[in-house]
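Step one of this worksheet: look at the structure below.
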Amino acid sequence: MINEPLLANKEMADKIMLSIHAQAKERLDAFYKAIDVQCKSVLKRAQADGIIVGRLSKAKVTNAGYDTCFHDGVGAYIRRNGVRVSVIIKMPL
């Protein structure tokens with residue numbers, strides 16, 4: 001069934017949807033930036049500790065046992081050989 005009042009005010013509905021999309025984009029951008037900051041920190045620490053030697057590459061990071069883990073309702077974090085090595089980054093609501 002079509003919502004008649006919404007169709008009557010389509011321009012306002014479009015503005016509301018654009019506003020919602022903009023807010024969601026801002027929250028996702030903040031989440032990805034937080035993950036990026038954690039990745040850089042963990043990889044710098046790995047290079048300083050001698051775990052990764054030389055230039056960074058995807059193969060070196062993978063071979064050193066690093067990966068990311070995401071749990072619904074908890075957040076994302078970086079781990080090495082199954083052990084968490086970064087803070088938990090929560091998705092902003």
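Fair warning: this is a prediction, and the values are worked out from it, not measured in the lab. Only this structure's heavy atoms are used, side chains among them; waters, hydrogens and symmetry mates stay out.
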Look at the side chain of [X] and the backbone N and O of [Y], then say whether any donor-acceptor pair between them is shorter than 3.5 Å.
| X | Y | value |
| --- | --- | --- |
| Ser19 | Lys15 | no |
| Gln47 | Gly54 | yes |
| Asp36 | Tyr32 | no |

Check [X] against [Y] and note the closest heavy-atom contact, atom names and distance.
| X | Y | answer |
| --- | --- | --- |
| Leu43 | Ile52 | CD2-CD1, 4.1 Å |
| Ile89 | Phe31 | O-CE1, 3.6 Å |
| Arg55 | Lys60 | O-NZ, 3.0 Å |
| Val85 | Arg45 | O-NH1, 3.4 Å |

What is the distance from atom [atom1] of [X] to atom [atom2] of [Y], rounded to the nearest 0.5 Å?
| X | Y | atom1 | atom2 | answer |
| --- | --- | --- | --- | --- |
| Lys33 | Ile35 | NZ | CD1 | 13.5 Å |
| Ile78 | Cys69 | CD1 | SG | 11.0 Å |
| Leu56 | Cys39 | CG | SG | 11.0 Å |

For Lys25, which residues count as a side chain to side chain donor-acceptor pair (under 3.5 Å) partner, sequence neighbours excluded?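 Once residues adjacent in sequence are excluded, the partners of Lys25 under the side chain to side chain donor-acceptor pair (under 3.5 Å) criterion are Asp29.
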Sorted by chain and residue number, the side chain to side chain donor-acceptor pair (under 3.5 Å) partners of Arg27 (sequence neighbours excluded) come out as none
For residues Leu28 and Ile20: do they belong to one hydrophobic cluster (side chain heavy atoms under 4.5 Å, members Ile, Leu, Val, Met, Phe, Trp, Tyr)?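 No, because Leu28 and Ile20 fall into different hydrophobic clusters, even though each may have its own neighbours under 4.5 Å.
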Any pair counted as side-chain hydrogen bond (donor to acceptor under 3.5 Å, both in side chains), so long as it reaches residues 72-93, sequence neighbours left out: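 Output for this query lists Asp67-Arg79, His71-Tyr77.
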